[in-house]
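Presented below is the structure to which this report refers.
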Amino acid sequence: INDSGLVTVHKSGSVTITAKKVADGNYGEVSDTWSFRAEKKPVTAIVTAKDKVYDTNAEAELTVTWKDGDILKGDAIIFTPALSGRFDSAGVGTNKTVTITGTAPASDKYDITLPASTTASITPKPASVTGVTVPALAYNGSEQDLLSGGTAEGGDLAYSLDGVSYTLTVPQKTYAGTYPVWYKVIAGKNHEDSPAVRVNVTIAPKPVTNPVIELSSETFDYDGTAK
């Protein structure tokens, strides 16, 4: 109660307020009593789940907020232990159902209601590739692989000679020259393609050491024709 006689009730339950006026020169003392029950304020938690990138598990991260004005200034409602959320499956999907598990904390001020579920999305995880190398190549008369190695995560390693059409077979070339090669991971379930990487692969000319040049032993008189 403050100096103006305003009574503030801080929790639910039975309340009895007695007002008294002391006696003065003209009037005797007088009092009155008012009894009532203060009920808990009903509030509903706003529970949202965060979208996440596919990570093989169905756990969801939850956030609890309240409608403006529901929780009075100076009050706080703490969930201990915290609420837990779980997607209906671990796979990629939009607006998937997230089941909310937990109980509202005991409160002598608020009647707390929790939603049973909410929704959130699981987005594809980018696929990745490591370990692709460009071999040192020299012309040997046979087709040779233009790339070697490589470990794909989240899909299949694929190759292209034009950056458009991809195949799972390592490209090969025979003749000396420089060839552009692209590679990336074509995504499997719950993943998205990795960015394409372009490399230039060179097949060097085969060195010729101490070549032997043989000339015909015959001689010809010039007659203006090719021999």
Side-chain angles (χ1 to χ4, degrees), residues 1-20 31-131 151-157 184-195:
I1 185 169
N2 63 15
D3 294 338
S4 299
L6 178 65
V7 177
T8 301
V9 178
H10 293 281
K11 61 181 181 180
S12 62
S14 297
V15 179
T16 298
I17 299 174
T18 300
K20 180 184 292 185
S31 65
D32 196 8
T33 299
W34 177 36
S35 296
F36 62 93
R37 179 173 179 81
E39 300 294 344
K40 295 181 181 181
K41 182 180 182 181
V43 293
T44 300
I46 301 171
V47 183
T48 56
K50 294 184 178 180
D51 295 342
K52 71 172 186 175
V53 176
Y54 171 74
D55 60 3
T56 74
N57 74 69
E59 294 177 2
E61 183 179 352
L62 301 180
T63 300
V64 180
T65 58
W66 305 92
K67 182 181 177 181
D68 288 346
D70 270 2
I71 307 303
L72 301 183
K73 184 177 180 180
D75 288 347
I77 297 177
I78 307 299
F79 288 85
T80 304
L83 300 178
S84 62
R86 189 169 184 84
F87 286 94
D88 54 13
S89 71
V92 168
T94 302
N95 294 328
K96 296 167 65 72
T97 298
V98 176
T99 300
I100 299 167
T101 303
T103 57
S107 172
D108 55 10
K109 299 179 181 180
Y110 299 97
D111 182 12
I112 304 167
T113 300
L114 295 176
S117 64
T118 184
T119 59
S121 299
I122 298 178
T123 57
K125 180 181 180 180
S128 62
V129 57
T130 57
T151 300
E153 179 183 352
D156 298 312
L157 185 55
K184 68 177 182 178
V185 176
I186 295 178
K189 187 176 181 180
N190 296 314
H191 290 76
E192 62 184 11
D193 290 1
S194 68

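One is the number of the first residue; the rest follow in order along the sequence. Note that these values count all heavy atoms, side chains included, but never hydrogens, waters or copies made by symmetry.
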Glu39/Lys109 salt bridge by N-O under 4.0 Å criterion: no
Min side-chain heavy-atom separation Thr113-Pro42 under 4.5 Å: no
Audit row: Thr94, Thr123, side chain to side chain contact (heavy atoms under 4.5 Å, CB included) steps and yes/no: CA-CA 8 Å; Thr94 302; Thr123 57; over 6 Å; no
Donor-acceptor contact below 3.5 Å, side chain Asp51 vs main chain Ser121: yes
Distance in Å, Thr103 OG1 paired with Leu83 CG, rounded so as to fall on 0.5 Å steps: 8.0 Å
Atom pair CG (Asp88) and OG1 (Thr99), whose distance is rounded to the nearest 0.5 Å: 7.5 Å
Derivation and outcome, side chain to side chain contact (heavy atoms under 4.5 Å, CB included), residues Asp111 and Val43: CA-CA 6 Å; Asp111 182 12; Val43 293; over 6 Å; no
Point-to-point distance, once rounded to the nearest 0.5 Å, from OH of Tyr54 to NZ of Lys189: 8.0 Å
Spatial distance of atom CZ (Phe87) from atom CD (Glu59) [nearest 0.5 Å]: 10.5 Å
Side-chain heavy-atom pair Val185, Asp193 within 4.5 angstrom cut-off: no
Check against side chain to side chain contact (heavy atoms under 4.5 Å, CB included), Trp66 and Ile46: CA-CA 6 Å; Trp66 305 92; Ile46 301 171; 5.8 Å; no
Min side-chain heavy-atom separation Ser117-Val98 under 4.5 Å: no
Minimum heavy-atom distance between Gly69 and Lys41, given as atom pair plus value: O-NZ, 2.7 Å
Nearest heavy atoms of Leu62 and Gly85, plus distance in Å: CD1-N, 3.5 Å
Contact summary for Gly91 and Ile122, nearest pair of heavy atoms: O-CD1, 3.5 Å
For the student: nearest non-hydrogen atoms of Ala49 and Ala120, plus distance: O-CB, 3.5 Å
Steps toward side chain to side chain contact (heavy atoms under 4.5 Å, CB included) verdict (Thr56, Lys125): CA-CA 10 Å; Thr56 74; Lys125 180 181 180 180; over 6 Å; no
Heavy-atom pair of closest approach, residues Thr48 and Thr118: CA-OG1, 4.1 Å
Residues Tyr110 and Asp70: side-chain donor-acceptor under 3.5 angstrom: no
Rounded distance [0.5 Å steps], CD1 in Ile100 versus CG in Leu114: 7.5 Å
Atom pair OG (Ser107) and CD1 (Ile71), whose distance is rounded to the nearest 0.5 Å: 8.0 Å
N-O pairing of Asp108 and Lys40 below 4.0 Å: no
Nearest heavy-atom neighbours spanning Ala127 and Ser194: O-CB, 3.1 Å
Side chain to side chain donor-acceptor pair (under 3.5 Å) evaluation trace for Lys96 with Thr119: CA-CA 5 Å; Lys96 296 167 65 72; Thr119 59; over 6 Å; no
